[in-house]
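Some notes on the structure that comes next.
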Amino acid sequence: MSTPVDDPLSRERSHLAASRSALRAMREDVEALDISDVTANWVNAEVLARQIEERIKALADLSDTPLFFGRLDYLPGERFYIGRRHVHDADGDPMVIDWRAPVSQPFYRASKKDPMDIALRRRFGYTGGDLTAYEDEHLSDPGEAARTSKLLQQEIERPRVGPMRDIVATIQPEQDEIVRSGLSGTVCVQGGPGTGKTAVGLHRVAYLLYAHRERLARTGTLVIGPNRSFLHYIEQVLPALGELTVQQATVEDLVAHVEIKGTDDATAAVVKGDARMAQVLRRALYSHVTMPTEPVVVVRGSRRWRVAAYELEDIVRELLDRDIRYGAAREALPQRIAHAVLVQMERSGEAPDDRVQDAVARNSAVKAAVKQVWPAVDPAKLVLRLLSDADFLAEHAEGILDEEEQKAVLWARPARSVKSAKWSAADAVLIDEATDLIQRTHSLGHVVLDEAQDLSPMQYRAVGRRCTTGSATVLGDLAQGTTPWATRSWQEALAHLGKTDAMVEELTAGFRVPTDVISYASRLLPHIAPGLTPVVSIRENPGHFEVREVTGTADVVDACRASLRHEGSTGLIAADARIPELAAALAEAGIPYLGPGEETTRETRLTLVPASLAKGLEYDYVVLDEPRAVVDGEPDERTGLRRLYVALTRAVSGLVVTHAAGLPPQLASSPLR
């Protein structure tokens with residue numbers, strides 16, 4: 001009979017306790033740093049103090065988050081514990097290896113066919129923060145058959161309460177390949193519901209920050225999500241992995257040059273989101289450049305220097321031919337004119353230097369010529385004129401937009417000023433395009449774009465401007481495109497993004513949605529995205545699934561009450577128009593609920609979700625109210641069916657579909673096999 005000290009679980013618990021102590025010591029060492037005599041000035045002191053503060057936060061020991069989740073025993077005899085961050089003892093020897101380190105890679109990719117020099121892979125099971133179980137795979141033992149990890153299945157199927165969590169303990173080989181792909185290349189991930197594409201994108205950011213920290217610290221990283229609710233849902237994933245510096249935003253945040261006060265109908269939004277609008281804007285902008293008809297005469301002392309009109313025209317044409325930004329060319333123009341004057345000075349025997357050239361460039365005659373030939377243009381005023389002035393739009397949209405398209409984008413009531421204009425979200429993207437034509441947009445080192453299938457070509461261009469010198473991770477599902485301008489193909493989208501050489505990967509293994517639920521939802525695929533491979537759930541638990549005919553909202557409330565008897569979160573998803581009625585019914589029944597993106601608690605586990613905001617969210621149990629109303633709530637049937645597909649695939653453990661009206665006929669077809 002083994003003593004407790006010989007028990008493997010006891011030894012692993014001892015290592016966990018020692019690792020936590022070592023992490024605490026690492027944090028205390030940082031807290032004890034005295035920088036009072038290190039820095040030369042207060043600016044450096046502030047920067048260093050901020051870095052120390054971030055380091056302390058990164059070394060936080062989260063009580064309910066396992067410090068390590070696996071162990072690798074290499075054949076030479078080395079042993080490594082794999083966790084969310086690196087931990088070392090007082091001598092600098094590693095106690096936990098960061099999951100992103102090269103030595104950790106076999107934890108995700110080693111198999112019986114390719115053991116990668118691993119003798120044993122051990123997975124750990126936790127209850128809260130307590131280590132309660134372990135499971136071994138002897139990869140180099142030919143006598144042991146490969147088997148599905150029970151702990152892995154339990155972790156995948158663990159109830160979802162609160163915000164999205166990391167998946168470092170459950171990353172699969174095909175996901176790991178994407179996560180660890182290089183910084184220089186752009187990756188596009190097509191993934192159906194529950195395939196983990198969002199998690200893969202976030203973990204890829206964490207990996208890139210580990211492998212290229214200095215470079216990305218200089219250039220920056222950004223995660224772009226579809227809405228604030230989604231960003232709130234995912235915001236804890238990277239901090240849990242020790243990464244605190246990644247910015248998060250929506251596309252609307254990126255292009256927030258004006259206050260959004262108006263909306264577009266679908267026709268106007270489609271035309272404004274079309275990439276052809278970039279050509280219209282470019283034409284309109286450069287129409288402000290006029291060829292000079294008068295010479296420039298610069299007076300310096302008793303001398304007059306004359307630059308002829310034909311010379312000025314040559315300078316202007318050269319700048320136009322160089323195809324540089326409008327603003328950069330405008331800044332270069334006075335220097336070019338000044339250089340022409342200096343050439344004349346040198347020919348006359350003078351010896352002017354750079355200070356003279358700068359003085360000439362600032363001469364009032366030169367400035368007046370520049371103002372007339374290459375005037376400053378405000379991007380918002382440019383777009384305002386295009387959308388308000390039919391003649392101006394027609395002049396610059398000729399051969400690009402037809403008459404009906406021009407009518408679609410023109411405002412019915414032209415605005416008098418930028419401030420009074422009722423700008424739409426699509427208008428803001430046009431202003432961003434015009435802004436970039438005038439002055440180059442700052443580029444980041446890496447951008448993650450999630451739910452990308454819903455972006456317009458002009459929105460892709462806006463995102464692409466933020467990573468012209470960097471790379472991107474594009475995440476989405478063509479079957480979940482629910483906007484009138486939804487992406488038709490990833491190749492087309494990547495062209496608008498400026499990343500035509502991107503690698504496109506498809507994830508088809510479903511880790512989140514149960515088999516019965518995804519099979520039912522997949523009945524819609526032939527009608528919304530016939531070329532896509534259906535998701536195949538790898539979950540052992542088929543999940544609870546039921547289609548229930550009801551007589552009114554009271555029955556829907558009863559379905560929610562039944563779902564809340566289970567552990568985990570419940571989402572009541574309904575067509576936007578039905579949300580007020582359902583909210584009143586829940587309130588009357590005394591059932592508290594949250595809005596999308598609000599963090600569930602053990603006391604309040606029900607979220608009332610408009611179908612338009614369901615994308616990207618997940619709940620253990622979902623009650624889907626009136627599928628026909630979800631479809632009818634969209635401008636056309638195809639978009640409505642895509643919206644329904646999204647709503648049907650938000651459940652992790654069970655789905656109840658309630659309906660008083662008839663179901664959409666597309667759900668009556670046989671499930672895909």
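Hydrogens, waters and symmetry mates are skipped; everything else that's a heavy atom, side chains included, is used. Residue numbers count from 1 along this sequence.
For the pair Thr127 (side chain) and Asp130 (backbone), a donor-acceptor distance under 3.5 Å is absent. Judged purely by atom type and a 3.5 angstrom limit, Arg84 has no side-chain atom pairing as donor or acceptor with the backbone of Ala240. No donor-acceptor pair closer than 3.5 Å links the side chain of Arg512 to the backbone N or O of Ser653. No donor-acceptor pair closer than 3.5 Å links the side chain of Glu433 to the backbone N or O of Leu430. In this structure, Ser569 contributes its side chain and Arg605 its backbone to no donor-acceptor pair below 3.5 Å. The backbone N or O of Thr601 lies less than 3.5 Å from no partner atom in the side chain of Thr604, so there is not a single donor-acceptor pair. Side-chain N or O atoms of Thr639 include none that pairs as donor or acceptor with a backbone N or O of Pro635 at under 3.5 Å. Side-chain N or O atoms of Asp427 include one that pairs as donor or acceptor with a backbone N or O of Ser424 at under 3.5 Å. Side chain of Arg466 to main chain of Ala462: a donor-acceptor pair is present (N/O by atom type, distance under 3.5 Å, no hydrogens or angles). In this structure a side-chain-to-backbone donor-acceptor pair under 3.5 Å is present from Arg523 to Leu667.
If you take CG on Leu624 and OG1 on Thr649, they are separated by 10.0 Å, rounding to the nearest 0.5 Å. To the nearest 0.5 angstrom, Leu644 atom CG is 11.5 Å from Gln480 atom CD. For the atom pair Cys560 SG and Arg565 CZ, the distance stands at 11.5 Å (nearest 0.5 Å).
Annotation: cation-pi geometry not satisfied between Arg122 and Phe107 (NZ/CZ under 6.0 angstrom from ring centroid, within 45° of ring axis).
Gln190 meets the side-chain hydrogen bond (donor to acceptor under 3.5 Å, both in side chains) test with Asp477, Trp490; sequence neighbours excluded. Here His446 pairs with nothing under the ring pair (Phe, Tyr, Trp, His ring centres under 6.0 Å) rule; sequence neighbours left out. In this structure, Tyr460 has no ring pair (Phe, Tyr, Trp, His ring centres under 6.0 Å) partners at least two apart in sequence or on a different chain. For Gln172, the side-chain hydrogen bond (donor to acceptor under 3.5 Å, both in side chains) test picks out no residue, with sequence neighbours left out. By the ring pair (Phe, Tyr, Trp, His ring centres under 6.0 Å) test, Trp411 is found to be paired with Trp423, residues two or more places apart in sequence or in another chain being considered. Here Arg638 pairs with nothing under the side-chain hydrogen bond (donor to acceptor under 3.5 Å, both in side chains) rule; sequence neighbours left out.
Looking only at atom types and distance, the side chain of Glu618 has a donor-acceptor partner in the side chain of Tyr233 under 3.5 Å away. With 3.5 Å as the limit, one finds no donor-acceptor pair spanning the side chains of Asp516 and Ser519.
Side-chain contact check for Tyr619 versus Val609: some heavy-atom pair is nearer than 4.5 Å. Between Cys467 and Leu444 there is no side-chain heavy-atom pair separated by less than 4.5 Å. A 4.5 Å side-chain heavy-atom check between Ile178 and Leu507 finds at least one atom pair inside the cut-off. When side chains are defined from C-beta on, Asp454 counts as touching Thr482, because their heavy atoms get closer than 4.5 Å. The shortest distance between side-chain heavy atoms of Val623 and Ile573 does not fall below 4.5 Å. The side-chain heavy atoms of Phe511 and Ile538, taken from C-beta on, include a pair separated by under 4.5 Å. Between Leu410 and Leu387, every side-chain heavy-atom pair lies at or beyond the 4.5 Å cut-off.
Scanning both residues, Asp274 and Met458, for their nearest heavy atoms gives O-CG, 3.3 Å. In this structure, Ser522 and Pro534 approach most closely via the heavy-atom pair OG-CB, 4.3 Å. The two residues Ile591 and Val557 come nearest to each other via the heavy atoms CD1-CG1, 3.6 Å. The shortest non-hydrogen separation linking His203 to Ile171 is CD2-CD1, 4.0 Å. The two residues Pro596 and Pro610 make their nearest non-hydrogen contact at CG-CD, 3.7 Å. Contact detail for Ala479 and Leu532: the closest heavy-atom pair is N-CD1, 3.6 Å.
Pairs engaging residues 250-261 under the salt bridge (Lys or Arg N to Asp or Glu O under 4.0 Å) rule: Arg228-Asp253 [sequence neighbours left out]. The salt bridge (Lys or Arg N to Asp or Glu O under 4.0 Å) pairs that include a residue from residues 640-659 are Glu634-Arg643, where partners are two or more places apart or lie in different chains. Applying the ring pair (Phe, Tyr, Trp, His ring centres under 6.0 Å) test to pairs two or more places apart or on separate chains, those with a residue in residues 554-575 are His566-Tyr621. Annotation: salt bridge (Lys or Arg N to Asp or Glu O under 4.0 Å) contacts involving residues 189-209, sequence neighbours excluded, are absent. Applying the ring pair (Phe, Tyr, Trp, His ring centres under 6.0 Å) definition to pairs two or more places apart or across chains, those involving residues 530-550 are Tyr520-Phe545. Identified under the salt bridge (Lys or Arg N to Asp or Glu O under 4.0 Å) test for residues 571-581, with sequence neighbours left out: Arg578-Glu581, Arg578-Asp625.
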Do Trp485 and Val271 pass the side-chain contact (heavy atoms from CB on, under 4.5 Å) test, and can you show the C-alpha distance, the side-chain angles, and the key distance before you say yes or no? CA-CA 9 Å; Trp485 50 83; Val271 178; over 6 Å; no
Run Tyr108 and Gln175 through side-chain contact (heavy atoms from CB on, under 4.5 Å) and show every step you take. CA-CA 9 Å; Tyr108 302 106; Gln175 295 175 322; over 6 Å; no
Between Thr607 and Glu598, does a side-chain contact (heavy atoms from CB on, under 4.5 Å) hold up when you go through it step by step? CA-CA 8 Å; Thr607 304; Glu598 293 183 291; over 6 Å; no
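Within a 6.0 Å sphere centred on CD of Gln247, other residues, nucleotides and ligands contribute 12 heavy atoms or fewer. Around atom CD of Glu492, more than 12 heavy atoms belonging to other residues, nucleotides or ligands sit under 6.0 Å away.
Between Arg628 and Glu626 there is no salt bridge, since no side-chain N of the basic residue sits under 4.0 Å from a carboxylate O of the acidic one.
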